[in-house]
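Remarks on the structure that follows.
Start at 1 with the first residue, then count along the sequence. All values below come from the heavy atoms of this structure, side chains included, with hydrogens, waters and symmetry mates left out.
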Amino acid sequence: MIALRPEVADRLAAEYVLGTLRGGARRRFETLMGAHPMLRAAVVRWQDRLQPLSEVVPPVTPSERVWRTIEARLDGTAAVPARGRLWGALAFWRGCSVLATAAAVVMAVLLMQPTPMPPPVVVVLAAPQGANTFVASLSPDGHSLVVRPLAAVQVEAGRALELWAVPGQGAPRSLGLIRSDQPTVVRRRLELPATAALAVSLEPPGGSPTGAPTGPILYTGRVSL
């Protein structure tokens with residue numbers, strides 16, 4: 001059995017649950033889970049922690065008109081003559097052929113692109129006690145960053161949450177204030193790969209007056225590229 005440090009097991013479990021652990025690495029992790037209770041427990045913890053993500057996008061039910069149209073095209077309509085049903089069926093399959101051709105063209109264009117866009121980097125900012133987690137999604141070039149609370153965070157009156165980029169060496173840099181109850185689009189560019197972690201501190205309403213965190217650090221998350 002391979003020995004794993006708890007912090008390594010926790011990081012691998014987080015990447016597995018988020019879906020950023022892919023290919024052979026994901027298959028090897030699933031094999032290791034069968035022999036490592038610590039890995040299985042870490043996966044369960046991250047699944048429980050990130051479960052609110054599934055509630056961010058509400059499900060959409062197709063309207064009755066959409067279902068009636070689909071059923072009419074598949075089964076025909078009693079009031080339509082046989083020839084009309086045949087023409088409708090031909091039109092339906094011709095439409096499918098056109099859509100399939102269009103999809104093939106789009107796929108060919110995508111395959112011809114020399115460098116596909118890499119997936120975004122996901123950073124989980126967790127509190128020390130594991131409650132009220134934030135998730136940050138950032139583009140690999142650092143130009144786009146969105147920070148989303150998994151659940152509304154209670155902030156003291158007259159206080160605000162400020163996001164910080166923490167380098168491997170040197171002082172943290174403010175990325176601005178973030179909302180405690182809804183996603184925040186960060187307007188400042190994140191320097192990658194120089195940024196080793198993200199952190200959230202509790203500050204006065206306008207943010208830190210010194211350019212450095214003045215309040216307690218509430219949430220932290222390591223940036224893994």
Side-chain angles (χ1 to χ4, degrees), residues 4-22 25-26 29 38-39 42-43 45-50 52-53 56 118-156 159-204 206-225:
L4 289 174
R5 298 195 304 273
E7 61 272 18
V8 174
D10 189 69
R11 180 175 62 83
L12 290 174
E15 294 181 4
Y16 176 78
V17 174
L18 287 167
T20 58
L21 192 67
R22 300 174 181 174
R26 188 175 186 86
F29 181 85
M38 181 173 60
L39 284 180
V43 167
R45 286 197 304 272
W46 277 106
Q47 287 173 338
D48 292 341
R49 183 178 296 177
L50 299 180
L53 276 177
V56 172
V121 178
V122 177
V123 180
V124 178
L125 293 91
Q129 65 274 21
N132 296 332
T133 303
F134 284 82
V135 172
S137 176
L138 58 140
S139 60
D141 59 6
H143 285 285
S144 175
L145 174 61
V146 180
V147 181
R148 179 192 303 272
L150 295 187
V153 177
Q154 299 298 323
V155 180
E156 301 174 20
R159 304 283 273 175
L161 299 178
E162 189 164 359
L163 181 67
W164 301 87
V166 183
Q169 294 182 344
R173 181 173 65 94
S174 174
L175 298 176
L177 301 180
I178 61 173
R179 295 288 300 267
S180 62
D181 57 346
Q182 64 184 43
T184 301
V185 178
V186 177
R187 302 298 182 185
R188 298 187 183 180
R189 185 176 183 274
L190 190 66
E191 297 295 336
L192 296 175
T195 302
L198 297 176
V200 176
S201 66
L202 189 64
E203 301 292 343
S208 170
T210 66
T214 61
I217 301 297
L218 303 181
Y219 309 96
T220 58
R222 181 169 296 279
V223 178
S224 299
L225 301 178

Report task. Output yes when a side-chain donor or acceptor of T195 lies under 3.5 Å from a complementary backbone atom of A197, and no otherwise. Result -> no

**Report entry** Which residues share a salt bridge (Lys or Arg N to Asp or Glu O under 4.0 Å) with R188, sequence neighbours left out
**Finding:** none

Query raised in the report: Does the side chain of F134 come within less than 4.5 Å of I178's, by heavy atoms?
Result: yes

Report summary line: Distance col, row L202:CG vs Y219:OH, nearest 0.5 angstrom, shows 9.0 Å

Report task. Go through the structure and list residues passing salt bridge (Lys or Arg N to Asp or Glu O under 4.0 Å) with R11, not counting sequence neighbours. Result -> E15

Query raised in the report: Can you list the residues that meet the side chain to side chain donor-acceptor pair (under 3.5 Å) rule with R26, with sequence neighbours excluded?
Result: none

Query raised in the report: To the nearest 0.5 Å, how far apart are CG in L198 and CG in L138?
Result: 7.0 Å

Just distance, no hydrogens or angles: give the donor-acceptor pairs under 3.5 Å from side chains in residues 165-177, sequence neighbours left out.
unit_1	atom_1	unit_2	atom_2	d
R173	NH2	R189	O	2.7
S174	OG	E162	OE2	2.5
S174	OG	G176	N	3.2

**Report entry** Any side-chain heavy-atom pair of L161 and L218 under 4.5 Å
**Finding:** yes

Query raised in the report: Is any side-chain heavy atom of V223 closer than 4.5 Å to a side-chain heavy atom of L192?
Result: yes

Report summary line: Tightest non-hydrogen contact, residues A136 and V147, listed as CB-CG2, 4.1 Å

Report summary line: Applying side chain to side chain donor-acceptor pair (under 3.5 Å) to T214 and not counting sequence neighbours gives E203

Report task. Please test T220 against L125 for side chain to side chain contact (heavy atoms under 4.5 Å, CB included), starting from the C-alpha separation and ending with a verdict. Result -> CA-CA 5 Å; T220 58; L125 293 91; over 6 Å; no

Query raised in the report: So V146 and V186, side chain to side chain contact (heavy atoms under 4.5 Å, CB included) or not? Walk me through it.
Result: CA-CA 6 Å; V146 180; V186 177; over 6 Å; no

**Report entry** Side chain proximity check, W46 to D10, heavy atoms < 4.5 angstrom
**Finding:** yes

Report summary line: What one should report as the nearest heavy-atom pair of P183 and P149 is N-CD, 4.1 Å

Requested in this report: Write down the atom of A160, the atom of V155, and the distance for their closest heavy-atom approach.
Outcome: N-CG1, 4.2 Å

Report summary line: So salt bridge (Lys or Arg N to Asp or Glu O under 4.0 Å) across residues 207-219, not counting sequence neighbours, yields none

Query raised in the report: Which value, rounded to the nearest 0.5 Å, describes the distance between L163 atom CG and T184 atom OG1?
Result: 9.0 Å

Report summary line: Of all heavy-atom pairs linking W164 and S201, the shortest is NE1-OG, 2.7 Å

Query raised in the report: Can you find a heavy atom in the side chain of T133 that is under 4.5 Å from one in the side chain of V124?
Result: yes

